[in-house]
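Residue indices begin at 1 and follow the sequence shown. Computed from heavy atoms alone, side chains included, the values below leave out hydrogens, waters and symmetry copies.
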Amino acid sequence: MDALKMFFRDQACIVWKEAWEAARLIGERPELGYQEYFAVETLTQLLKSHGFEIQQPAAGLDTAFIARFSGYKPGPRLAFLAEYDALPGIGHGCGHNLIGAASVGAAIALSKSLELSGEIWVVGSPAEETSGGKVILVNEGAFEGVDAALMFHPGSQNATIISSLALDALEFVFLGKAAHAVAAAYYGVNALEALIDFFNRTNRLKDNLPQDAYINGIITEGGTSPNVIPERAVARFYLRARQRKVLNIIRNQVIRCAQEAASAVSAKITWNMFENSYDEMQSNRALAGAFETNLRELGVRNISPPQSAMGSVDMGNVSRIVPAIHPYLTLGGGMNIPHTRDFAQACLSAPGERLLLLAIQALALTGWDILSSPKLLNLAKRELNPRPSGKQR
C-alpha cells in the first residue's frame with residue numbers, strides 16, 4: 001500500500017468513531033422511508049462539520065440530500081450513496097444505519113488530502129426499502145455529471161460483484177357492480193370473482209417463467225360483506241426478473257391476464273405502479289476489481305465470486321447511467337439473516353462497528369483510485385457505454 005493510501009486508511013480510522021456514533025444513533029432510532037428526518041440531520045451535521053456543503057431537500061424529496069466537497073484541482077465527480085431507512089417493526093434489519101455512515105465516513109476521509117482532485121459527493125437516498133428514492137433521484141437528474149457511484153451493503157459474505165432482480169410493483173383494481181348476494185345476484189358483477197380468476201391465470205403463467213423470474217401477489221381488498229356482491233377488488237403484485245427486458249414481457253403477460261379475467265365477468269380493470277420500478281444491478285467490473293484489490297490490501301482474503309442476489313435494489317437504476325458498485329461485506333460471522341431483528345441488533349454490536357471501519361476504508365481507497373487514475377475511470381466508463389460494433393476505419 002502506497003503512502004497516500006496509508007494516509008486515507010489512517011484517516012478512515014480517525015473518522016470511524018464519529019461515523020459509528022452516527023450509525024449507532026440512527027440504528028437506535030429507526031425511521032421508515034421518507035420519514036428519516038433524524039437520520040438525515042445526523043449525517044448532514046457530521047458532513048457539515050467537516051466542510052461539506054449541504055443541499056437539502058434534493059430532487060423534491062425532503063429526506064434526500066446531496067453533500068459536496070470540492071478538491072483542490074479539477075477532476076472527476078465521485079458519489080458515495082447513503083441509505084438510512086428502516087424496516088417496519090424490525091428497525092435496521094438491512095443495515096442501512098451502517099450503509100449511510102460508511103459512505104459519509106469514506107467521503108470525509110477522502111476530503112482530508114491536499115492532493116484531492118475533483119469533487120466528492122454524498123447522495124442521501126431515502127426509502128430504499130419501499131419506493132426507491134434513488135429511482136426518483138435518477139429521474140430528476142441528480143446524477144448528471146457524476147463519474148462513478150459507490151456504496152456497500154452488510155451481508156453474509158464478501159462479494160464485490162453482485163447482480164439483482166429488476167422489479168415492477170403493480171396494483172390491479174377490478175370494478176364490478178354491487179347487488180344482494182342471494183336475492184339479486186344476477187344484477188351484480190362480481191369483482192372478486194374476476195380477481196380470483198386473475199390469480200389462477202397468473203399461477204398458470206408461473207409454470208413457464210424463465211429462471212430467476214417471479215410473480216408474487218396479495219389481495220388487499222375483496223369486498224365488504226358476504227351478502228353483497230363485491231363491486232371492488234384489489235390486488236398488489238411484485239414482478240421480478242433478472243433482466244429488465246424479460247420483466248417487461250412478463251408485465252405485459254400479467255396485465256393481459258387481468259384484462260381477460262375482467263372481461264370474463266364483464267368487470268372493468270385499471271392498473272398502476274404503486275412503487276417505483278427497480279432496474280437490475282449492473283456492477284461495474286473495473287470498479288469492483290479496484291474495490292477487491294483494496295480489500296485484499298486491508299487484509300481481507302475470503303472474497304466470493306460474483307453473486308446473483310435474489311432481491312432488488314434501487315442502486316440498479318443508478319448503475320444504468322453511472323459506473324457503479326454495490327459490494328457486500330460480511331457482518332460478523334455471516335450467520336445473521338437480513339430483514340430480521342437479529343440482523344438489526346448485529347448492526348449495533350461490536351461486529352457492526354468493526355465492519356463499519358472496513359467499509360469506510362475500502363470505499364475511501366477505491367474512491368481515491370477513481371479520482372487519481374484516469375485509466376481506471378476510462379475503463380469503467382467504456383464498460384458502461386461500450387463503443388458500438390462495426391467496421392473500423
Exercise for the section: With sequence neighbours left out, write down each residue that passes side-chain contact (heavy atoms from CB on, under 4.5 Å) with Asn227, or none if nothing qualifies. Expected result: Ser225
Practice task
Kindly give the heavy-atom pair with the smallest separation between Ile99 and Met151, and that separation in Å.
Solution key: CG2-CE, 3.7 Å
Problem - Check: Asp369/Asn294 side-chain N/O donor and acceptor closer than 3.5 Å - result: yes
Practice task
Please say whether more than 12 non-hydrogen atoms of neighbouring residues, nucleotides or ligands are located less than 6.0 Å from NZ in Lys177.
Solution key: no
Practice task
May I ask you to check whether over 12 heavy atoms, not counting those of Tyr187, lie within 6.0 Å of atom OH?
Solution key: no
Handout entry: Candidate pair Phe38 and Tyr84, rule ring pair (Phe, Tyr, Trp, His ring centres under 6.0 Å), full reasoning
Key = CA-CA 10 Å; Phe38 175 78; Tyr84 31 75; over 10 Å; no
Exercise for the section: Answer with yes or no whether the side chains of Glu275 and Tyr238 bring together a donor and an acceptor at under 3.5 Å. Expected result: yes
Problem - Separation of Ser283 OG from Glu383 CD (nearest 0.5 Å) - result: 9.0 Å
Handout entry: Arg285, CZ: over 12 other non-hydrogen atoms inside 6.0 angstrom
Key = no
Handout entry: Donor-acceptor pair between Asn317 and Arg320 side chains, under 3.5 angstrom
Key = no
Practice task
Examine the side chains of Ser304 and Gln157 and answer whether a donor and an acceptor come within less than 3.5 Å of each other.
Solution key: yes
Practice task
Measure from the side-chain N and O atoms of Ser319 to the backbone N and O of Gln282, and report whether any donor-acceptor pair falls under 3.5 Å.
Solution key: yes
Handout entry: Partners passing salt bridge (charged side-chain N to carboxylate O under 4.0 Å, His left out) against Glu297 (at least two apart in sequence or in another chain)
Key = none
Practice task
State, with a plain yes or no, whether a side-chain heavy atom of Leu137 is found less than 4.5 Å away from one of Asp314.
Solution key: no
Handout entry: Any pair counted as side chain to side chain donor-acceptor pair (under 3.5 Å), so long as it reaches residues 135-149, sequence neighbours left out
Key = Asp147-Lys381
Exercise for the section: Determine the minimum heavy-atom distance between Gly27 and His92, stating which atoms define it. Expected result: CA-CD2, 3.7 Å
Fill in the blank from the handout: Nearest heavy-atom approach of Ala67 to Ile54 is CB-CD1, 3.5 Å
Practice task
Would you mind listing every side chain to side chain donor-acceptor pair (under 3.5 Å) that reaches into residues 252-269, with sequence neighbours excluded?
Solution key: Arg201-Glu260
Fill in the blank from the handout: Distance col, row Arg382:CZ vs Leu377:CG, nearest 0.5 angstrom, shows 10.5 Å
Handout entry: salt bridge (charged side-chain N to carboxylate O under 4.0 Å, His left out) partners of Glu221, counting only residues at least two apart
Key = Arg232
Handout entry: Pairs where residues 72-100 contributes a residue and the test salt bridge (Lys or Arg N to Asp or Glu O under 4.0 Å) is met, not counting sequence neighbours
Key = Arg77-Glu119, Glu83-Lys134
Exercise for the section: Look at atom CD of Glu53 and say whether more than 12 heavy atoms of other residues, nucleotides or ligands are closer to it than 6.0 Å. Expected result: no
Exercise for the section: Would you tell me whether Arg240 and Ser312 have side-chain atoms, one donor and one acceptor, within less than 3.5 Å of each other? Expected result: yes
Exercise for the section: For Arg244, enumerate each residue passing the salt bridge (charged side-chain N to carboxylate O under 4.0 Å, His left out) test, keeping only those at least two apart in sequence or located in another chain. Expected result: Asp168, Asp279
Problem - Reported CG-to-CD1 distance for the pair Asn276 and Ile136, which is rounded to 0.5 angstrom - result: 5.0 Å
Handout entry: Leu295 side chain reached by Leu365 side chain, heavy atoms, under 4.5 Å
Key = no
Problem - Residues Lys17 and Glu353 bridged, charged N to O under 4.0 Å - result: yes
Problem - Within 6.0 Å of CE in Met273, more than 12 heavy atoms from elsewhere - result: yes
Practice task
Using distance alone, with no hydrogens and no angle criterion, decide if Tyr328 and Thr160 have a side-chain donor and acceptor under 3.5 Å apart.
Solution key: no
Exercise for the section: Answer yes or no: is there a donor N or O on one side and an acceptor on the other, between the side chain of Asn158 and the main chain of Thr330, under 3.5 Å? Expected result: yes
Practice task
Could I get the full list of ring-ring contact (aromatic ring centres under 6.0 Å, His included) partners for Phe69, not counting sequence neighbours?
Solution key: Phe52
Practice task
Could you pull out all residues at least two apart from Leu209 that satisfy side-chain contact (heavy atoms from CB on, under 4.5 Å)?
Solution key: Lys206, Ala213, Ile215, Ile250
Exercise for the section: Would you please test Arg296 and Thr293 for side-chain contact (heavy atoms from CB on, under 4.5 Å) and show each step? Expected result: CA-CA 5 Å; Arg296 294 190 186 281; Thr293 297; 5.9 Å; no
Problem - Residue pairs involving residues 55-69 (criterion side chain to side chain donor-acceptor pair (under 3.5 Å); sequence neighbours excluded) - result: Glu36-Thr63, Gln55-Arg68
Problem - Ring centroid separation Phe80 to Phe152 under 6.0 Å - result: no
Exercise for the section: Using a strict 4.0 Å threshold on nitrogen-to-oxygen distance, state whether Arg24 and Glu28 make a salt bridge. Expected result: yes
Exercise for the section: Applying side-chain contact (heavy atoms from CB on, under 4.5 Å), name anything that partners Gln11, two or more places apart in sequence or on another chain. Expected result: Phe7, Ile14, Ala109, Lys112
Exercise for the section: Identify the heavy atoms of Ala19 and Ala101 that sit nearest to each other, and give their distance. Expected result: O-CB, 3.4 Å
Problem - Under the ring-ring contact (aromatic ring centres under 6.0 Å, His included) test, residues paired with Phe8 that sit two or more places apart - result: Trp368
Completion exercise
The reported gap from CG in Asp197 to CG in Leu192 (rounded to nearest 0.5 angstrom) is 11.0 Å
Problem - Output field: ring centroids Phe198/Phe237 closer than 6.0 Å - result: yes
Exercise for the section: Keeping the roles fixed (side chain from Asn284, backbone from Ala380), state whether a donor-acceptor pair exists under 3.5 Å. Expected result: yes
